[in-house]
Amino acid sequence: MSAPLLETRGLTRRYGGLTAVEGVDFSLPQGQIHALIGPNGAGKSTFVSMVSGRIPESAGRVLFEGRDITALPAHRRIRAGMAYTFQITAVYGRLTLAQNIALALRSRDRARILAALARVGLEERAEQTCGDLSYGHQRLLEIAMGVAQAPRLLILDEPTQGLAESEIEGFNGLIRSLAGETTILLIEHNMNVVMALAERITVLETGRVLASGSPEEIRANAAVQEAYLGSA
């Protein structure tokens, strides 16, 4: 059996006396859409920030394609095939959509730029200044910036935040279309989106793994119901 695309072993992050993530063992097979859920403060963003190399771990290891990348900085992990969209939009507001995509690609290849924008339905806005976009469209642009890099692993942190219901339907279609091209780790509060897209779900609570399983198993899990789903 081949090694998982992404694996963490005992991943931990402490801030002084506070432990934000504690001893997380996680495995993500290639080609899977895997959702990471949990209440606010559960450690989801801290966990993926360690996975992507944006913050250092206090303990534990991160493996990518079977290789220990724990010591690699974020830009080296991007080169290895990771792309990460932030919980808060990280586009350049004074630049056009096309220029933002070009920066993500490190290329001015017009065909690739327009193809990336077309994936999220923004190709007609290529020369519009990003600062003029709605928040929801900025979120879609950031996803396009990630998709443009053709990553092995695409990490999406709260991607539907700020999207209208009609845009969420389009987002679900986009993720389904990407499923054959890349592996997706989805951090998401919208449980309708999670249940519609995820093949497996991991639930974090107070920085620890509470449960992991199929959507059906997670929905039926009494501990998850009490900690999260019952109040979601």
Interatomic spacing from [atom1] in [X] to [atom2] in [Y] - rounded to 0.5 Å:
X    : Y    : atom1 : atom2 : result
R119 : L178 : CZ    : CG    : 4.5 Å
S107 : I101 : OG    : CD1   : 11.5 Å
T160 : N190 : OG1   : CG    : 5.0 Å
R14  : T19  : CZ    : OG1   : 5.5 Å
I113 : L103 : CD1   : CG    : 9.0 Å
E7   : D68  : CD    : CG    : 10.0 Å

Please tell me if the side chains of [X] and [Y] come closer than 4.5 Å, counting only heavy atoms from C-beta onward.
X    : Y    : answer
D25  : V209 : no
L6   : V62  : yes
L197 : F171 : yes
R13  : F47  : no
L72  : M82  : no
C130 : Q99  : no
R76  : I69  : no
E57  : T12  : no

In one Ile/Leu/Val/Met/Phe/Trp/Tyr side-chain cluster, 4.5 Å: [X], [Y]:
X    : Y    : value
I33  : I168 : yes
L105 : L140 : yes
L95  : V147 : no
M50  : Y15  : yes
L141 : L174 : yes

Next item on the list: Evaluate the side chain to side chain contact (heavy atoms under 4.5 Å, CB included) criterion for residues I201 and M195: first the C-alpha distance (whole Å), next the side-chain angles of each, then the deciding distance (0.1 Å), finally the verdict.
Entry: CA-CA 9 Å; I201 300 170; M195 292 300 178; 4.0 Å; yes
Determine whether a donor-acceptor pair (N or O, by modelled atom type, separation under 3.5 Å) exists between the side chain of [X] and the backbone of [Y].
X    : Y    : value
R139 : E158 : yes
S134 : H137 : yes
T202 : R200 : no
S214 : E217 : yes
R77  : T70  : yes
K44  : G38  : yes
S52  : Y84  : no
R125 : L97  : no
R61  : G10  : no
Q149 : M145 : yes

Check: Taking the six-membered ring of Y92 as reference, does the NZ or CZ atom of R94 fall below 6.0 Å from its centre and within a 45° cone about the axis?
Finding: no
Exercise: identify the closest heavy-atom pair between [X] and [Y]:
X    : Y    : value
N172 : A196 : ND2-CB, 4.3 Å
A211 : V224 : CB-CG2, 3.7 Å
A144 : V120 : CB-CG2, 3.7 Å
A35  : V194 : CB-CG1, 3.8 Å
A126 : T96  : O-CB, 3.6 Å
G146 : A83  : O-CB, 3.9 Å

Should the heavy atoms of other residues, nucleotides or ligands under 6.0 Å from [atom1] of [X] be counted, would the total exceed 12?
X    : atom1 : value
E169 : CD    : no
R208 : CZ    : no
R108 : CZ    : no
E199 : CD    : yes

Next item on the list: Could you give me the CA-CA distance, side-chain angles and deciding distance for I155 and I187, then say whether side chain to side chain contact (heavy atoms under 4.5 Å, CB included) is met?
Entry: CA-CA 8 Å; I155 303 173; I187 299 86; 3.8 Å; yes
Item checked: Test side chain to side chain contact (heavy atoms under 4.5 Å, CB included) applied to V203 and N221, step by step -> CA-CA 11 Å; V203 185; N221 186 298; over 6 Å; no
Next item on the list: Kindly determine whether L186 and I175 satisfy side chain to side chain contact (heavy atoms under 4.5 Å, CB included), including the steps that lead there.
Entry: CA-CA 10 Å; L186 176 68; I175 297 304; 5.8 Å; no
Checklist line | Salt bridge R219-E216, side-chain N to carboxylate O under 4.0 Å | finding: no
